[in-house]
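Before any comments, here is the structure.
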Amino acid sequence: MLLKNAFIYIDGSFKSSDLYIINETEWIIGEDLSSIKCNQIIDLSKKYIVPGLVDVHVHLREPGFEYKETILTGSESAKAGGFTSICAMPNVTPSPDDIDNIRLIQDIVDKDACINVYQYSCITEGRLGQNLVDVSKLKDFVIGFSDDGNPVSSDLIMKKMIEQSAMHDVLIAAHCEDFSYEDPRMSEYMNIKRDIELLKNTDTSCRYHVCHVSSKKSIELIRQAKKDGISVTCETAPHYLVFTKEDVISENFKMNPPLGDKEDKEALIQAVCDGTIDIIATDHAPHTYEDKLAGAMGVIGMETSFSSMYTYLVKTGIIKLEKLIELMSVNPSCIFRIPKYSDFTVLDLDAENTVKSDGFLSLGRNTPFEGMTLNGRVIKTICKGKIVWEYTQ
Ligand SMILES: [Zn+2]
């Protein structure tokens, strides 16, 4: 496949070039590749090609909650959002905390996923916070370790997991919440603070990543930890960069951690600009209408992630498109060590789109972006050298 005349993201900037995809893992980029004989030539004048987008934090709900989402529908939602790789959180049933359960999920991924889907192992058995999983046995089959949805409350167990992370070179994705504090901002802050203290006192380096950072206080803590040379990375989600608690008009604005105030949103945007936030991840959390009304926390995000961030961060002049691609592809690939394939996302930045969840490929409809007009659109998703999704009117 030869993609001609696009602006292609190469080493941090865009150049007008051609892209020739040879196979699943090999490609060539050049100013003019017209001399290559190829029977599939696509003209992409005025369009942008970026490395495939990566979402390190999604909930696919299968096995156990297939009425909310499945690996098939979740990966379809991902491809429509331009994602070629996603990392699935372990709050499913049975829990991916031993080799049999991880294999069971991997079999569904191999059968149903239309893009690259990687799974997390739990940190503790059943995500119950009591017994650490066998990290050495599971590490080769998962992208990282997380009890997402639950924090690891025990200091001793988190200390052991940090030691395991250093020993086996595995990533911890920490859902930070300290149940002894009612204020969600204090709760997030105190649990991150605990982990940073543990990281300081463990004399080996580990791979520690904070999920869905939502508040100013937490960001200040992480910024200082990075300055102090502590091995910590973090993500935030699009909804925290666009909305505040003043915007909550329905259940579709409720997630954990909750939306903060203006001060939190501004601090998060500042942290995106100065590099304190490494990654934008959606925390895609599909629920049925009935489950949302009954108080289920979380919002979906993969099909609005790129255009919402393009509209609110790039169109407004806060960051450049190159920086957004760092946050949504380059940094997550690097930090999570996503395997390299011929994965690309093609963007039409001139397009405008009104969000209508009825048309989503996700089974979830719980988006806070419903009815909003967003700029920029994913028009093709190329995974392992093949077009897996194309925008059609
Ligand atoms: Zn979480």
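Note that the coordinates shown come from a computational prediction; the quantities given were computed from them, not determined experimentally. The chain is numbered in sequence order, starting from 1.
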* Between the side chains of N5 and D43, does any donor sit under 3.5 Å from an acceptor? -> yes
* Does a sphere of radius 6.0 Å around NZ in K323 hold more than 12 heavy atoms from other residues, nucleotides or ligands, not counting ones at 6.0 Å or beyond? -> yes
* Asked: Do you see a donor-acceptor pair shorter than 3.5 Å between the side chains of N331 and S333?
  -> no
* To do: Compute the centroid of each ring, for Y120 and then for F145, and state whether the two points are separated by less than 6.0 Å.
  => no
* If every non-hydrogen atom of C87 is compared with every non-hydrogen atom of V56, which pair is closest and at what distance? -> CB-O, 3.4 Å
* To do: Please say whether more than 12 non-hydrogen atoms of neighbouring residues, nucleotides or ligands are located less than 6.0 Å from NZ in K159.
  => no
* Asked: Should we say atom OH of Y67 is surrounded by more than 12 heavy atoms from elsewhere, each under 6.0 Å from it?
  -> yes
* With a 3.5 Å cut-off and no angle check, do the side chains of T70 and E66 form a donor-acceptor pair? -> no
* Using a 4.5 Å cut-off on heavy atoms from C-beta on, say whether the side chain of I319 contacts that of V314. => yes
* Asked: Can you name the one residue among K226, K227, R223 that meets salt bridge (Lys or Arg N to Asp or Glu O under 4.0 Å) with D274?
  -> R223
* **H284 and H57 aromatic centres sub-6.0 Å** => no
* Residues, nucleotides or ligands: over 12 heavy atoms within 6.0 Å of K15 NZ -> yes
* Between E197 and K193, does at least one N-O distance fall below 4.0 Å, as a salt bridge requires? -> no
* When you look at NZ of K4, are more than 12 heavy atoms from neighbouring residues, nucleotides or ligands closer to it than 6.0 Å? -> yes
* To do: Would you check if the distance from the ring center of F344 to the ring center of Y9 is below 6.0 Å?
  => no
* **Centroid separation F14 to Y48 less than 6.0 Å** => yes
* Structure fact -> What one should report as the nearest heavy-atom pair of H287 and D291 is CB-CB, 4.2 Å
